[in-house]
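Have a look at the structure below, then the notes.
Letters A, B, ... mirror the listed sequences (proteins, then strands); counts begin at 1.
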Amino acid sequence: MKCQHCEKPATFHITELTEPKGPSILHLCEEHARVFLAGEGSATPASALTSILEKQLKMDKVADELAASDKKTCPVCGLTFADFRKGGRLGCAYDYIAFEEDIEPLLINIHGAIKHAGKIPTNLSGSPERQQRLMQLKNEMKDSVAREDYETAGKLRDKIQAIEMGDDAAWSDPETSDEDEEDLGDDNFQSQPSPEA
Amino acid sequence: MRGNGPESDIVMSSRIRLARNLADFPFIRKCTAKDRTAIALEVHRALDSLPLSADTEYVDVAKLGDLDRQFLMERQLISHELNESQGARAVILDPNECFSIMVNEEDHLRIQVIQSGLDLEAAWQRMDQLDNQLESKLTYSFTKRLGYLTACPTNVGTGLRVSVMLHLPALVATKQIDKVFRALNKINVAVRGLFGEGSQFMGDFYQISNQTTLGKNETALVAKVREVVPRLIEYERKAREFLVSENHQDLHDNVSRALGILCTAKKISSEETMHYLSKVRMGVNLGLIDNVKIPTVNKLFIHTQPAHLQKLCGRKLSVTDRNIERAIYLQQHLVKRPDSESN
């Protein structure tokens with residue numbers, strides 16, 4: 001259904017109870033609904049309704065944000081955040097980086113923490129950033145070969161080999177170092193009472 | 001469930017599992033058939049190079065028939081998910097069933113260590129060692145910030161699930177079990193029935209486990225589950241004492257009737273068997289039944305399940321035939337032998 005005032009889809013269906021001729025129904029787009037509600041808002045019986053709808057407009061914003069999150073796609077495995085929300089399982093280790101902003105609140109909800117405090121393997125080459133960097137370099141090398149740019153391809157091959165030989169500096173980004181992360185993993189983060197309580 | 005180990009009248013087993021994923025492959029939901037095969041191969045190779053017992057067995061679950069898969073599930077060596085899923089998947093079995101490693105379950109690897117009775121510390125030590133051995137051969141997905149990365153964010157960090165299986169018939173009989181569960185949930189300890197997620201609680205067996213895996217180290221998570229167990233044991237013992245002191249005759253009657261049904265029924269379902277075996281188990285532990293031993297009862301809990309029964313009979317059986325065979329099997333193991341009968 002289209003808005004009564006323009007071509008946009010009508011997302012607000014307002015039943016106006018204060019009309020003298022009895023209730024009338026308005027079908028408006030978000031923009032025109034805002035205009036309509038802004039004009040109506042002054043000390044009329046409709047003001048209660050106004051505030052409810054204002055809230056709904058704000059909630060729509062939240063829904064927009066959710067929709068934006070849902071569209072995010074992992075560059076490594078191609079999983080969208082919507083896929084994850086539906087199935088509850090991630091597609092690859094890089095998802096934790098690709099969907100970081102959305103997964104963090106989830107981790108706080110589940111664990112009351114966002115920082116690992118347990119075992120650290122001796123072999124640290126299983127970092128998803130490293131895997132992603134390797135994949136990226138390999139793709140770039142393939143492209144260079146396809147363009148017959150063998151000089152670049154050679155350099156890329158050397159970089160790949162350096163990473164595969166265990167040169168961590170060749171893939172790690174100093175800005176995303178883990179060392180100065182704030183530790184939120186403490187007990188004081190949990191709102192639950194202690195077992196003794 | 002051999003029926004020994006500390007507090008084994010109430011604590012059946014202690015179990016620890018770790019979730020691990022190989023860095024060079026996507027998580028299971030994005031794995032191609034080729035990926036799954038390659039993962040299984042890589043794990044198989046890694047295991048072959050470890051100094052494990054020569055009898056450690058690599059079982060290709062995809063090649064097993066329904067009955068064999070169900071059999072492994074009844075022994076809790078594979079999960080429902082591994083049993084039901086499709087594609088390359090495996091389980092590595094220790095000859096003494098002290099550990100099993102599932103390959104291509106929800107995560108690439110699910111390593112589990114089981115101990116009889118309450119012995120989480122020993123289970124964790126064994127697990128830590130096994131994990132270190134595997135880690136020397138495999139590259140796991142890991143970041144310093146989030147720890148071991150898992151397919152489901154509920155397992156991320158340590159990937160550790162610590163669980164203790166308890167037999168709590170008196171808390172059930174005195175209707176206090178719900179109260180206990182609510183208290184446990186408040187402190188982030190989860191409670192499940194015998195066969196894990198989603199199934200009904202059978203035979204008064206409950207599994208308690210940690211709900212969080214991130215933000216605390218493994219020892220702390222083990223301790224968290226460990227520290228609630230003595231209180232549960234105490235509650236269960238108090239409830240048993242109450243039943244004995246308040247309704248001694250009713251209780252004695254109740255457990256004796258349960259044994260009577262198990263000894264005389266001609267057809268019996270596995271649910272009914274669990275229900276009465278649970279009562280008998282409590283009766284034996286309270287000294288109200290003296291001609292049956294706990295290891296026998298523990299064995300019957302396992303052997304009367306559908307796949308075990310069919311394995312014992314050496315053939316596939318319909319539900320009706322199983323109920324008949326189950327009744328025969330129970331009588332063979334519970335009815336007093338002529339030589340042990342007096343008069």
Subject >> Atom group of A:D95 that falls short of 4.5 Å from chain B, counting heavy atoms >> reply: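 The answer is neither part of A:D95.
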**OP:** Please flag which part of A:L106 lies under 4.5 Å from any non-hydrogen atom of chain B: side chain, backbone, both or neither.
**Re:** side chain
Donor-acceptor under 3.5 Å ([X] side chain, [Y] main chain):
X	Y	value
B:E218	A:K119	yes
A:H111	B:T213	yes
B:R29	A:R89	yes

Taking all non-hydrogen atoms of both residues into account, name the closest pair between [X] and [Y] and its distance.
X	Y	result
B:T212	A:I110	CG2-O, 3.5 Å
A:L90	B:P153	CD1-CG, 4.2 Å
B:P26	A:G91	CB-O, 3.5 Å
B:T158	A:G118	CG2-CA, 4.2 Å
B:L146	A:L107	CD2-CD1, 3.6 Å
B:L149	A:P128	CD1-CG, 3.5 Å

Rounded to the nearest 0.5 Å, what's the gap from [atom1] on [X] to [atom2] on [Y]? Could you check?
X	Y	atom1	atom2	answer
B:Y148	A:H116	OH	NE2	6.0 Å
B:C152	A:F84	SG	CZ	6.5 Å
A:K115	B:K144	NZ	NZ	9.0 Å

Check whether any side-chain heavy atom of [X] lies under 4.5 Å from a side-chain heavy atom of [Y], and answer yes or no.
X	Y	result
A:E129	B:T143	yes
A:N123	B:Y140	no
B:T150	A:Y96	yes

Original post:
So which bits of residues 102-110 of chain B come within less than 4.5 Å of chain A, counting non-hydrogen atoms only?
Top reply: B:E106
Original post:
Is it true that atom CD of B:Q129 has more than 12 heavy atoms of other residues, nucleotides or ligands lying nearer than 6.0 Å?
Top reply: no
Original post:
Under a 4.5 Å heavy-atom cutoff, which of B:I28, B:D24, B:L221 has the most pairs with chain A?
Top reply: B:D24
Original post:
Which residues in residues 70-80 of chain A have any heavy atom lying under 4.5 Å from a heavy atom of chain B?
Top reply: A:C77, A:G78, A:L79
Subject >> ring pair (Phe, Tyr, Trp, His ring centres under 6.0 Å) against A:Y150, all qualifying residues, sequence neighbours excluded >> reply: none
Original post:
Which pairs, with at least one residue in residues 36-47 of chain B and sequence neighbours excluded, count as a side-chain hydrogen bond (donor to acceptor under 3.5 Å, both in side chains)?
Top reply: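 Counting only pairs at least two positions apart or across chains, no side-chain hydrogen bond (donor to acceptor under 3.5 Å, both in side chains) contact touches residues 36-47 of chain B.
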Original post:
Which region of B:L184, side chain (C-beta onward) or backbone (N, CA, C, O), has a non-hydrogen atom less than 4.5 Å from a non-hydrogen atom of chain A, or is it both or neither?
Top reply: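 Neither the backbone nor the side chain of B:L184 comes within 4.5 Å of chain A.
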Original post:
For B:V156, is it the side chain, the backbone, both, or neither that has a heavy atom closer than 4.5 Å to a heavy atom of chain A?
Top reply: both
